[in-house]
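Note: hydrogens, waters and symmetry copies are ignored here, and every other heavy atom, side chains too, is used.
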Amino acid sequence: MRVRMTVAYDGTAYHGWQLQPGAVTIEERLNGTLSELFEEDIRVIGASRTDSGVHSYGTVAVFDTNTRMPAEKIMYALNQRLPEDIRIMSSEQCADDWHPRHCASKKTYLYRICSAPVPNPQYRLYAHQTRYRLDVERMNHAAQYLIGEHDFKSFCSTDSSAQTTVRTLYEAEVTSVQIPMAGEMITIRVCGNGFLYNMVRIIAGTLMEVGVGRMEPEQIETILKASDRCTAGPTAPACGLTLYSYEFL
C-alpha cells in the first residue's frame, strides 16, 4: 500500500530534507526508521525539499510498504522511534498512484525576523535576529508587487537547475507583533504554486532592505523585470524560514 504522511521537523540539526552523501537529513532519518520498523527497504518521496537549517510544520511525503499495520497507526509507531525534532503529524492510506509532486498545490512559507536591540536567545533557532528597526508598512507595500504570475529569476539562486523561473504567488504579506523581552516579531508570509531554490529567503532579504530604507518598495517591479539575481537583496539566513502548509488542489 501507499501511505501519505505529514512530517513536521526542526531543521536545525539537519542538512535539509534531501539525501546527501555523508550528511544527516530528514529523508535519511525517515528512510532508516521506516526500513527498520517494517524490515523492508523503504524510500520516502517528499512533496518538496527544504535547505539545511529550514523548519517545517508539515511536509507531505509518501512511501510504499507491504506491512499489514493500518496506515493511521504508522504515525504512532514512527514517533516512538524518531528523534524528538522529527514528528509524524498524520498518516493515512492513499491511492497507489498518488504522487505529491505530480499534483497541483498551494504552498505557504513563513519567514520570521526578530528585531530587538539585544537578541533573545530563545528565538535564535527559529527567527533571523537583527538589531535594525524595520519599517513593516514599507515591507508589506513592497510585498504586494510580488503577487501574481512573474518570472522570479531575480529571486532565484544562481545554482538553480529549474527549467522555468516563472511562478505564481497568490498571497504575500508582512505583519508584526510585539513580544515582551524579545522585541518585534516580523512575519513574512508567502503562498504560491511553487518556489525556486532560495526564493523565499531572497524575497525576505530584499524586503528587509526595503525595511531599513536601502530600497524603495517600488523597486520590486524593477527587480522582477530585470531577471538578474544581482538586482535583488541578500539571501536571508535559513533559521528564519518555515514551510507552513500544503494545500492540494
Side-chain angles (χ1 to χ4, degrees), residues 1-110 125-126 159-164 167 191-200 238-239 241-249:
M1 68 174 172
R2 175 158 290 192
V3 177
R4 166 176 161 167
M5 59 184 181
T6 302
V7 188
Y9 51 86
D10 176 339
T12 304
Y14 299 94
H15 291 267
W17 171 274
Q18 187 181 15
L19 287 173
Q20 299 176 49
V24 180
T25 68
I26 304 296
E27 189 175 11
E28 180 261 340
R29 280 284 186 260
L30 291 172
N31 288 347
T33 305
L34 283 163
S35 297
E36 180 180 347
L37 174 63
F38 296 129
E39 298 182 343
E40 57 180 313
D41 185 30
I42 292 181
R43 295 290 180 264
V44 300
I45 302 170
S48 66
R49 305 165 183 172
T50 51
D51 296 336
S52 179
V54 175
H55 316 295
S56 175
Y57 282 174
T59 296
V60 176
V62 297
F63 65 90
D64 295 319
T65 177
N66 295 317
T67 185
R68 292 188 175 182
M69 181 184 294
E72 63 273 14
K73 301 293 186 183
I74 290 174
M75 61 177 288
Y76 301 107
L78 281 178
N79 285 337
Q80 290 179 351
R81 293 165 172 79
L82 287 166
E84 291 184 344
D85 51 7
I86 304 175
R87 280 292 172 266
I88 310 303
M89 308 306 292
S90 67
S91 60
E92 60 184 353
Q93 187 171 356
C94 63
D96 291 342
D97 61 351
W98 192 84
H99 194 298
R101 296 181 193 165
H102 298 164
C103 302
S105 64
K106 289 183 180 181
K107 189 189 307 182
T108 300
Y109 278 97
L110 304 180
L125 301 179
Y126 311 108
D159 297 333
S160 173
S161 58
Q163 294 182 346
T164 175
R167 297 291 187 273
C191 174
N193 66 350
F195 292 87
L196 300 161
Y197 183 40
N198 282 343
M199 179 173 160
V200 181
C239 62
L241 184 59
T242 298
L243 175 56
Y244 181 69
S245 67
Y246 280 92
E247 179 184 350
F248 292 97
L249 306 176

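Proximity of a side-chain donor or acceptor of H15 to a complementary backbone N or O of S52 within less than 3.5 Å is not detected.
Applying the side-chain hydrogen bond (donor to acceptor under 3.5 Å, both in side chains) test to D64 and every residue at least two apart in sequence or in another chain returns R2. Listed by chain and residue number, nothing satisfies the salt bridge (Lys or Arg N to Asp or Glu O under 4.0 Å) test with D10 (two or more places apart in sequence, or in another chain). Not a single salt bridge (Lys or Arg N to Asp or Glu O under 4.0 Å) links R81 to another residue, sequence neighbours left out. Taking the ring pair (Phe, Tyr, Trp, His ring centres under 6.0 Å) definition, one finds that Y109 meets it with F195, sequence neighbours left out. Taking the ring pair (Phe, Tyr, Trp, His ring centres under 6.0 Å) definition, one finds that F38 meets it with nothing, sequence neighbours left out. The side-chain hydrogen bond (donor to acceptor under 3.5 Å, both in side chains) search around Y246 returns S48, not counting sequence neighbours. Looking at residues two or more places apart in sequence or on another chain, you find no side-chain hydrogen bond (donor to acceptor under 3.5 Å, both in side chains) involving S35. Residues that satisfy the side-chain hydrogen bond (donor to acceptor under 3.5 Å, both in side chains) test with D159, not counting sequence neighbours, are absent from this structure.
Screening residues 66-98 for ring-ring contact (aromatic ring centres under 6.0 Å, His included) gives W98-F248 as the qualifying pairs, with residues at least two apart or on separate chains. Counting only residues at least two apart or on different chains, the side chain to side chain donor-acceptor pair (under 3.5 Å) pairs with a member in residues 17-34 are Q18-R49. Identified under the salt bridge (charged side-chain N to carboxylate O under 4.0 Å, His left out) test for residues 97-107, with sequence neighbours left out: none.
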Show your working on side chain to side chain contact (heavy atoms under 4.5 Å, CB included) between E40 and N66 and close with a plain yes or no.
CA-CA 8 Å; E40 57 180 313; N66 295 317; 3.4 Å; yes
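P100 is listed as a side-chain neighbour of V62, based on a closest heavy-atom distance under 4.5 Å. Within the 4.5 Å cutoff, the side chain of L82 has heavy atoms near those of the L30 side chain.
Summarising the geometry, atom CG belonging to D41 is positioned 10.5 Å from atom CG belonging to L34; distances are rounded to the nearest 0.5 Å. Remark: L243 CG to T50 OG1 distance equals 7.0 Å, nearest 0.5 Å. In this structure, NZ on K73 lies 13.5 Å from OG1 on T67, to the nearest 0.5 angstrom. For the atom pair R4 CZ and I74 CD1, the distance stands at 14.5 Å (nearest 0.5 Å). Considering CD1 of I42 and OG1 of T65, their distance stands at 4.0 Å, rounded to 0.5 Å.
Considering all non-hydrogen atoms of both residues, V54 and Y9 come closest at O-CE1, 3.6 Å.
Each of M1, M5, R43 was compared with F63 under the side chain to side chain contact (heavy atoms under 4.5 Å, CB included) criterion, and only M5 meets it.
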Please list, one pair per line, the donor and acceptor atoms closer than 3.5 Å that link side chains of residues 83-95 to other protein atoms, with sequence neighbours excluded.
unit_1	atom_1	unit_2	atom_2	d
D85	OD1	Y14	OH	2.7
D85	OD2	Y14	OH	3.3
R87	NH1	P83	O	3.1
S90	OG	T6	OG1	3.2
S91	OG	A71	O	2.6
S91	OG	M75	N	3.1

